[in-house]
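One structure is given below, encoded as structure tokens.
All chains are named by letter (A, B, ...) in the order of the sequence lines, taking the proteins before the strands, and each is independently numbered beginning at 1.
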2 protein chains.
Amino acid sequence: MKPRITLKKIASEFGVSISTVSKALKDSHEISEETRDKIKAFADFYNYKPNSLALQLRNQKTSVIGVIIPEIVHHFFSTVIDGIEQYATKKGYNVMVCVSNESYEKEVSNFNVLTNGSVDGLIVSIARETQQKNEYTHFEGLIKDDFPLVLFDRINDNLACDKVIIDDVGGAYKATNHLVEIGSKRIALLTTQDFITVGALRKEGYLKSLRKNGIEVDENLIYKIDDSKDLYEQIKKVIFVTNPPDAILAVNEIYAANALKIAKERKLSIPNDIAIIGFTDGLISEFTYPPLSEVVQHGFAMGQQAAELLIKRIEQKTESGFKKEVISTNLKIRRSTLAPN
Amino acid sequence: MKPRITLKKIASEFGVSISTVSKALKDSHEISEETRDKIKAFADFYNYKPNSLALQLRNQKTSVIGVIIPEIVHHFFSTVIDGIEQYATKKGYNVMVCVSNESYEKEVSNFNVLTNGSVDGLIVSIARETQQKNEYTHFEGLIKDDFPLVLFDRINDNLACDKVIIDDVGGAYKATNHLVEIGSKRIALLTTQDFITVGALRKEGYLKSLRKNGIEVDENLIYKIDDSKDLYEQIKKVIFVTNPPDAILAVNEIYAANALKIAKERKLSIPNDIAIIGFTDGLISEFTYPPLSEVVQHGFAMGQQAAELLIKRIEQKTESGFKKEVISTNLKIRRSTLAPN
DNA sequence: TAACATTCCGAAATCGTTTTCGTGTTTATA
DNA sequence: TATAAACACGAAAACGATTTCGGAATGTTA
């Protein structure tokens with residue numbers, strides 16, 4: 001690669017000092033019009049652009065936001081990144097994305113790489129393994145130094161920083177209420193293992209609705225899926241039983257789509273024999289048969305909100321208290337819970 | 001944010017020079033064991049990490065790869081990023097992602113931001129608008145300076161740089177052959193407008209197969225979808241006609257899934273009345289009813305390949321000629337083109 | 001005891017920029 | 001004509017690190 005042109009080279013070209021060149025390019029009145037013009041013409045010709053590393057070092061500001069997510073091939077997370085990216089760009093920031101791959105070790109390594117000067121702040125969704133180990137010292141280190149940090153979706157309430165979450169409890173509550181309204185009595189919950197906070201919260205909303213509607217909780221209807229094992233086989237055990245549930249609330253789209261597929265394999269009629277609703281991650285729901293009802297999550301808004309909180313923090317426009325923003329959900333009712341008239 | 005500790009601060013703490021501290025932390029034999037130990041203990045206690053901006057400036061190397069994609073909420077592109085990220089991480093690089101949003105102007109602005117020293121090289125998939133305007137001066141500027149650059153998927157053959165593409169012609173060829181084999185006679189093509197190179201190439205494979213199989217090309221069966229308008233309405237015009245085609249090859253998953261949905265609305269039996277196959281972008285195909293046959297694209301491999309080419313270029317391990325790698329596709333036959341026995 | 005080697009450390013350059021503070025020259029003013 | 005103001009520019013510090021080179025203080029050898 002050809003070395004880019006620098007102030008130094010321009011200066012030596014005209015036999016002037018670096019400061020003169022710098023000032024000339026900024027139209028400083030300190031430099032005569034004649035000198036200014038010839039320097040600017042030369043710089044223009046060689047397409048001079050200030051080296052951003054040098055600027056970042058001098059200004060002690062990178063205008064880069066680091067993002068660490070558990071997965072990138074994931075509709076919800078990529079939607080959040082989209083929100084972050086768009087807001088960041090609007091505010092003159094760039095985005096550096098790292099993937100923890102649900103691994104604690106990779107998350108820590110990402111922390112180390114990003115927080116050594118290359119970014120002004122960090123937006124993180126916690127890796128599964130980190131939640132499982134309950135090991136947050138890398139976060140605490142940052143927090144101790146007041147490093148700008150925003151957590152989203154997979155958060156930990158004990159960490160002193162800004163947070164953005166989906167209204168998981170409310171979403172599951174609304175969805176369960178909807179199932180009750182259409183007449184479901186035995187509503188199964190397909191959730192994650194307990195250490196995944198969002199799974200736990202959605203379970204909470206489910207239970208809250210059952211209680212409110214006077215339905216007794218049947219622990220046998222609560223299935224905790226282990227994401228590291230075969231999904232299909234686990235969900236099969238929910239539906240291929242002698243007395244299957246008459247409704248399913250799934251905490252994500254994949255669980256819901258699989259449940260729907262398996263229910264059809266058992267020749268169950270949807271929604272008459274079994275109604276199904278999930279939390280939306282993606283595009284699947286629209287194209288299943290019948291299309292799936294969903295709790296819509298608004299990842300884009302979440303990303304924007306996270307970026308906004310972070311940038312305010314970076315630019316110190318926040319009154320010190322930490323904020324926890326809740327992005328509300330809404331129900332998108334499709335035919336998997338609503339028989340056509 | 002608390003300022004991070006620097007060599008300077010450590011030096012003044014012990015009344016030694018900065019060079020001494022730097023050497024001590026690197027276990028240089030030039031420094032006495034006594035001095036080394038106390039400096040290292042102190043640095044360790046205050047969690048000293050060298051500022052990466054300073055290192056990047058000095059070493060004239062950022063170990064960051066810039067990626068510019070048209071869209072991020074897109075299964076194929078996020079899969080490619082995943083491949084890039086994983087390979088890059090393995091080689092000690094980080095990834096900075098920017099989104100052009102299919103806009104020429106944003107693509108140019110991303111170029112400007114990324115190529116001023118903040119990245120060692122660039123991986124790009126060209127924005128739709130750029131292809132439409134046929135305006136490549138921003139690329140040519142980089143190429144003139146031998147800036148490491150790799151194009152993927154949406155490429156331009158006139159640009160002198162490394163490239164990675166899907167075997168679009170071959171994929172469409174295989175898919176069309178498959179349709180012919182199962183007995184389809186009137187095979188419609190759902191493609192993009194011509195300036196999208198991948199659409200054009202897939203059309204080429206489609207035509208090639210028809211010719212080889214002695215089927216006359218019917219221009220009325222080639223539909224060029226305009227992505228800026230309503231998809232559903234455009235695809236409806238393919239199927240809600242007096243004599244609909246008996247097979248459809250769609251150049252992406254969304255077109256295919258919509259076609260399938262609309263065919264069912266017209267009560268066509270799939271695959272008996274109409275067989276449907278698409279190019280895979282995502283997860284939809286597995287969950288439609290019937291599941292969609294697909295040309296599998298291997299975005300992850302593509303990302304890895306692109307990152308490998310770029311890093312070799314950066315580290316000058318490439319013999320000067322530019323490479324064009326082709327990632328081959330394969331067919332995943334599901335029930336939308338294959339009646340169950 | 002003279003010469004040389006070893007040990008331990010510091011000064012300074014370098015990466016590329018911005019910015020403050022001089023300083024020398026010219027021009028305007030009293 | 002002496003003095004002040006205006007003009008045009010340069011030196012140097014700063015951001016935070018690495019590295020080459022040089023040098024003082026010891027220790028070793030002939």
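Considering only side-chain N and O atoms, B/Tyr48 lies under 4.0 angstrom from the phosphate OP1 or OP2 of D/dA17. Side-chain N/O atoms of A/Gln56 include none lying less than 4.0 angstrom from OP1 or OP2 on C/dT17. The phosphate of D/dT18 has OP1 or OP2 within less than 4.0 Å of a side-chain N or O from B/Ser22. Between A/Thr35 and D/dA8 there is no side-chain N or O to OP1 or OP2 distance below 4.0 Å. Side-chain nitrogen and oxygen atoms of A/Lys8 include at least one within less than 4.0 Å of the OP1 or OP2 phosphate oxygen of C/dC15.
Whole-Å rounding puts the A/Lys26 NZ to D/dC9 P distance at 18 Å. The NE2 atom of B/His29 sits 8 Å away from the P atom of C/dT7 (whole-angstrom rounding). Between the CZ atom of A/Arg36 and the P atom of D/dC7 there is a distance of 12 Å, given to the nearest Å. Following rounding to the nearest Å, A/Asn51 (CG) and D/dC15 (C1') show an atom-to-atom distance of 13 Å. We find that CG of A/Leu55 is positioned 12 Å from P of C/dG16, with the value rounded to whole Å. For the pair A/Lys61 NZ and C/dG16 P, the computed distance is 23 Å after rounding to whole Å. Distance A/Ile39 CD1 to D/dC9 C1': 10 Å, rounded to the nearest Å. If you measure from atom CG of A/Asn116 to atom C1' of D/dC15, you get 16 Å, rounded to the nearest angstrom.
Side-chain atoms of A/Asn110 come within 3.5 Å of backbone N or O of A/Val99 as a donor-acceptor pair. Formation of a donor-acceptor pair under 3.5 Å by the B/Lys2 side chain with backbone atoms of A/Lys144 is found in this model.
Listed nucleotides C/dT19, D/dG10, D/dT20 differ in distance to A/Ser17; the shortest reach to its side chain belongs to D/dG10. Taking every side-chain heavy atom of B/Leu57 into account, C/dG16 is the closest of D/dT19, C/dT19, C/dG16. You'll find that the side chain of B/Ser19 is closest to C/dA12, out of C/dA12, C/dC21, D/dT18. Taking every side-chain heavy atom of A/Glu30 into account, C/dC21 is the closest of D/dA17, C/dA11, C/dC21. Proximity note for B/Arg58 (side chain, C-beta onward) versus C/dG16, C/dC15, C/dC9: the nearest is C/dC15. Nearest nucleotide to the B/Lys23 side chain, out of C/dG10, C/dT17, D/dG16: C/dG10. For B/Thr20, the listed nucleotide lying nearest its side chain is C/dC9; candidates were C/dC9, C/dT18, D/dT18. The A/Val16 side chain lies nearest to D/dG10 when the options are C/dG16, C/dT18, D/dG10. Among the nucleotides C/dC9, C/dT19, D/dC9, the one closest to any side-chain atom of A/Ile31 is D/dC9.
Using a 4.0 Å heavy-atom criterion, one finds that B/Ile18 contacts the bases of the nucleic acid, with or without backbone contacts as well. B/Lys49 comes within 4.0 angstrom of sugar-phosphate atoms only, judged by non-hydrogen atoms across all strands, and of no base. Among the atoms of the strands shown, base atoms are found under 4.0 Å from some heavy atom of B/Leu7.
End-to-end axis angle for the helix from C/dT1-D/dA30 to C/dA30-D/dT1, using five pairs per end and rounding to 10°, comes out at 70°.
A salt bridge links A/Lys106 and B/Glu85; the closest N-O separation between the charged side-chain nitrogens and carboxylate oxygens is under 4.0 Å. Residues B/Arg154 and B/Glu102 are paired through a salt bridge, judged by an N-O separation under 4.0 Å between the basic side chain and the carboxylate. Salt bridge present: B/Glu308 and B/Lys312 bring a charged side-chain N and a carboxylate O closer than 4.0 Å.
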Using a cut-off of under 3.5 Å, enumerate the N/O to N/O pairs linking the protein to nucleotides 26-28 of chain C.
none

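Each of A/Ile5 and B/Gly15 has a nearest nucleotide on DNA chain C; the 5'-most of these lies closest to B/Gly15.
Residues passing the side-chain contact (heavy atoms from CB on, under 4.5 Å) test with B/Glu325, sequence neighbours excluded: B/Val164, B/Gln305, B/Leu309, B/Lys323.
With contacts defined as side-chain heavy-atom distances shorter than 4.5 Å, the pair A/Val113/A/Cys98 does not qualify. Between A/Lys324 and A/Asp157 there is a side-chain heavy-atom pair separated by less than 4.5 Å.
Centroid-to-centroid, the aromatic rings of A/Phe42 and A/Tyr48 stay 6.0 Å apart or farther. Centroid-to-centroid, the aromatic rings of A/Tyr93 and A/Tyr87 stay 6.0 Å apart or farther.
A/Ile10 CD1 to A/Thr20 OG1: the interatomic distance, rounded to the nearest 0.5 Å, is 12.0 Å.
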